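A quick write-up on the structure given underneath.
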2 protein chains.
Amino acid sequence: MRSYGQYCALARALDVIGDRWSLLIVRELLGGGRRYNQLLEGLPGIATNLLADRLRQLETEGVLERDNEGRYALTAWGEGLREPLYDLARWAAPVVMARPAGEDSFRSEWLEHPIAIIYGGTDRRRPTMAVEVRSGERPMTIESSDGDIRVREGRHPAPDVVLSGPPDAILGLLAGFLDPALAEALGVEISGKAGRLRRLRPVLAHPSRSLDAATRAAARPKASAPR
Amino acid sequence: MRSYGQYCALARALDVIGDRWSLLIVRELLGGGRRYNQLLEGLPGIATNLLADRLRQLETEGVLERDNEGRYALTAWGEGLREPLYDLARWAAPVVMARPAGEDSFRSEWLEHPIAIIYGGTDRRRPTMAVEVRSGERPMTIESSDGDIRVREGRHPAPDVVLSGPPDAILGLLAGFLDPALAEALGVEISGKAGRLRRLRPVLAHPSRSLDAATRAAARPKASAPR
DNA sequence: CTGCATCCGGGCCGATACTG
DNA sequence: CAGTATCGGCCCGGATGCAG
């Protein structure tokens, strides 16, 4: 990308990570080092030459590097983008995530980030429990223990709750914006006791938006629900 | 811009503010409502049609609106971008602001943001004082009172210190990365007691970078100093 | 003077094909 | 598996025109 040519930290930051796709590449790498084809998989819509271009540029700028196995990984500086990106997501989410997912693509690995935002921090009042989520290609497991909540790939042998269906309704349910009945109306299949989800104490970013989110989501035609 | 088509808060945030120039328009509006031509002035290099396009898009997305006098101003949601943008700038600054300003453009109003970052928060130990800065078109005044530091346009009747010269060296001095002698070697004219600047207690983002910043800045040819 | 619209050359983007 | 090559089209940047 052409430089803005401004002596301003924001403009120069955008000279580094302002290109189309650059920040989404960083998002993919927040989960650890990835191979080229893994990145292609996690970035639906990107052209192969663009991915190669961006990787080269981000490497020369010092945001990422290739590890000894040829995989792409964030440098310490690149890892520092996590909080700015989460802040951007937190800013946008109340407005843009309330819109239905529609035809937008979804990768199950992306669950990690909204879950980290919804259940940020340690809260000892959280019970130990496991929730299995099936949305996207692979099953994912959300585990709560010692007040912390983590996400990992794969199934769980004895989950307390299993959720499957469209990602927007599942996230609405987990975030506490949708109650179980409404989530089911939007295509989520729930097995186990959905009521226990509340005890994970989601951090409600903007409670005033919850009604808005619910009504907008409800306006979505039910036909497009499961995927 | 074409949508990424991903159900991900970051991707959808970038659908809203990921276009070239969009975030810099937001930066300009963080200082309050601005007229079209003021924006053109604060965004050196932007084409008029692009400014018009971006303003329209950001307005329909709900990031900004036109006030009753026809000026462009951030909505409450748009104002929420301040912290994410400051975080991005804080992330980039230790690396990219250490590079000399060179031919990059600089507007004196931009001082507001780095000063807010350098002197973030209230610190009662700060003395009441005023620093006049002359870099860019207009003189700016930095005032410290009651532990807070603010920037405003215009001169000061009796400043404790006056700094004029290239913006990179002035900011390096204010941030505490350069001592007065080195700043003068880089083209800064100092009148008043530069030693008092330390008492404003800049928040050093990355002390480990300070040497790096000094040495890199020193590598700049002295010819390009004043502007 | 403000606030754009139009036109045009060049570069970036997106999709597909292809190669070591 | 990990990219490179190619090409149409759209976006960007700069200049200019013009209506209120």
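Reminder, nothing fancy here: chain letters follow the sequence lines and each chain counts from 1. Since the model is a prediction, treat every value here as computed from it, not as a measurement.
Between B:L50 atom CG and C:dC7 atom P the separation is 16 Å, expressed in whole Å. Going from atom CD of A:Q57 over to atom P of C:dG11 covers 17 Å, rounded to whole Å. The CG atom of A:D67 sits 11 Å away from the P atom of D:dA2 (whole-angstrom rounding). For the pair B:M1 CE and C:dG14 C1', the interatomic distance rounds to 13 Å; values are reported in whole Å. Separating the CG atom of B:L43 from the P atom of D:dC12 is a distance of 14 Å, rounded to the nearest angstrom. Atoms CG (B:L51) and P (D:dC12) sit 13 Å apart, rounded to a whole Å. For the pair B:R35 CZ and C:dC4 P, the computed distance is 11 Å after rounding to whole Å.
When the side-chain nitrogen and oxygen atoms of A:W21 are compared with OP1 and OP2 of C:dC12, none of them lie within a distance under 4.0 Å. Contact annotation: B:R2 side-chain N/O to C:dA15 OP1/OP2 distance is under 4.0 Å. Not one side-chain nitrogen or oxygen of A:R20 sits closer than 4.0 Å to the OP1 or OP2 atom of C:dC12.
Taking each heavy atom of B:L186 and B:P166 in turn, the nearest pair found is O-CG, 3.5 Å.
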Polar atoms only, N or O, under 3.5 Å: list the protein pairs with nucleotides 3-6 of chain D and their distances.
from, atom 1, to, atom 2, distance (Å)
D:dG3, OP1, A:R66, NH1, 3.3
D:dG3, OP2, A:R66, NH2, 3.1
D:dG3, OP2, A:Y72, OH, 2.6
D:dT4, OP1, A:R56, NH1, 3.3
D:dT4, OP2, A:R56, NH1, 3.2
D:dT4, O4, A:T48, OG1, 2.7
D:dT6, O4, A:N49, ND2, 3.1

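In this structure, B:E83 places its CD atom where more than 12 heavy-atom neighbours from other residues, nucleotides or ligands lie under 6.0 Å away.
Here the side chains of B:L55 and B:R66 are not in contact, with every heavy-atom distance at 4.5 Å or above.
Ring geometry for A:Y36 against A:Y72 counts as tilted: the plane angle lies between 30° and 60°, on a 0 to 90° scale.
The distance from atom CZ of A:R20 to atom CG of A:D53, rounded to the nearest 0.5 Å, is 14.5 Å. In this structure, CG on A:L173 lies 6.5 Å from CG on A:L178, to the nearest 0.5 angstrom.
A cation-pi arrangement, defined by a distance under 6.0 Å to the six-membered ring centre and an angle within 45 degrees of its axis, is present between A:R27 and A:W110.
The residue B:R54 sits close only to the backbone: its heavy atoms come under 4.0 Å of sugar-phosphate atoms, none of a base.
Two residues, A:E69 and B:I46, neighbour DNA chain D, and the one matched to the more 5' nucleotide by heavy-atom proximity is A:E69.
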